Peer 1: 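Let me give you the structure first, and then I'll get to my questions.
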Amino acid sequence: MTTPTALTPDQAASRLGEFTVVDVRTPAEYATGHLPGAHNVPLDRLDEAGGALKAAAARTPLLVVCASGARSAKGCAQLAAQGIEAATLDGGTSAWAAAGYDVDRPAGARATWPMDRQVRLAAGSLVVIGFLAGLAWQPAHWLSGAVGAGLVFSGVTNTCGMAAALSKLPHNRPPKNALSFQETLLRLAA
């Protein structure tokens, strides 16, 4: 696997008009603020969008973004496996905004924590609950062990089942006025 080209926010900003920007965060994360002109294709639907992304990449280079750069690097690897070249934004939208660049925030969008923060809260809470419950009932310690094993598996495989489950919760669903996934694919392919 090759390492994708990583652009700093300054490099990406100076060439933003040259790119088709693809934001791989959940729709709710995307709605809280994204790079101008970015298309939302969640990481778990990237393979499904392969044809539209291949068409977009034939016209302009792809810049894949997320909150911190971790998911976008993974997305670039998924695209490379399909023969689609893409660059990633180093530090993601967080670094972009910290550098003072504009972020589109749709009116009425609700604030949603980035997925990595949601995972840390959920995993940490389950470990604490398992520990405390284990003080009263010894077998409850297994909950903490299971969460720890899940985190190790996540680190080794670079996947996250907890993030996949959390992304299905109501607060992580797209806003009612968001473009549908199919409409996003049509715009990318056009």
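Keep in mind it's a predicted model, so treat the numbers as computed, not measured. Start at 1 with the first residue, then count along the sequence.
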Peer 1: Going by heavy atoms in the side chains, are C66 and L43 under 4.5 Å from each other?
Peer 2: no
Peer 1: Is it the case that the side chain of S154 and the backbone of T159 share a donor-acceptor pair, with hydrogens and angles ignored and the cut-off at 3.5 Å?
Peer 2: yes
Peer 1: Hydrophobic side-chain clustering at under 4.5 Å (ILVMFWY, transitive links): who's grouped with L121? Put none if nobody.
Peer 2: W113
Peer 1: Test your reading of the model: is there a side-chain donor-acceptor pair from R59 to the backbone of A55, 3.5 Å cut-off?
Peer 2: yes
Peer 1: I need the single residue from V64, V21, T8, L35 that forms a side-chain contact (heavy atoms from CB on, under 4.5 Å) with L89. Which is it?
Peer 2: L35
Peer 1: Hey, does the side chain of E48 reach the backbone of R45 with a donor-acceptor pair shorter than 3.5 angstrom?
Peer 2: no
Peer 1: Tell me if a side-chain donor or acceptor on R71 pairs with a main-chain N or O of P42 at a distance below 3.5 Å.
Peer 2: no
Peer 1: Can you tell me how far the CD atom of Q11 sits from the OG1 atom of T5, to the nearest 0.5 Å?
Peer 2: 10.0 Å
Peer 1: Should L7 and V103 be counted in the same cluster of Ile, Leu, Val, Met, Phe, Trp and Tyr side chains packed under 4.5 Å apart?
Peer 2: yes
Peer 1: Kindly determine whether L46 and L53 satisfy side chain to side chain contact (heavy atoms under 4.5 Å, CB included), including the steps that lead there.
Peer 2: CA-CA 9 Å; L46 211 54; L53 292 169; 3.7 Å; yes
Peer 1: Do E183 and S180 meet the criterion of a side-chain donor-acceptor pair at a distance under 3.5 Å?
Peer 2: no
Peer 1: Got a sec: does the CG of D47 have more than 12 other heavy atoms crowding it under 6.0 Å?
Peer 2: yes
Peer 1: Check for a donor-acceptor pair, side chain of N40 on one end and backbone N or O of D23 on the other, with a separation under 3.5 Å.
Peer 2: yes
Peer 1: Hey, quick one: are V24 and L79 part of the same hydrophobic cluster, counting side-chain heavy atoms closer than 4.5 Å, chains of contacts allowed?
Peer 2: yes
Peer 1: Do any pairs count as a side chain to side chain donor-acceptor pair (under 3.5 Å) and have a residue in residues 83-97, sequence neighbours left out, and if so which ones?
Peer 2: S72-T88
Peer 1: Spell out, yes or no, whether Y101 and V22 are grouped together once hydrophobic residues are joined by side-chain heavy atoms under 4.5 Å, including indirect joins.
Peer 2: no
Peer 1: Quick one: does Q82's side chain get under 4.5 Å of K54's, heavy atoms only?
Peer 2: no
Peer 1: Please check if I129 and V119 belong to a single hydrophobic cluster, counting links between Ile, Leu, Val, Met, Phe, Trp and Tyr side chain heavy atoms closer than 4.5 Å.
Peer 2: yes
Peer 1: L169, V147: one ILVMFWY side-chain cluster at the under-4.5 Å cut-off?
Peer 2: yes
Peer 1: Using a 4.5 Å cut-off between side-chain heavy atoms of Ile, Leu, Val, Met, Phe, Trp and Tyr, which other residues end up in the same hydrophobic cluster as L132?
Peer 2: V128, F131, L135
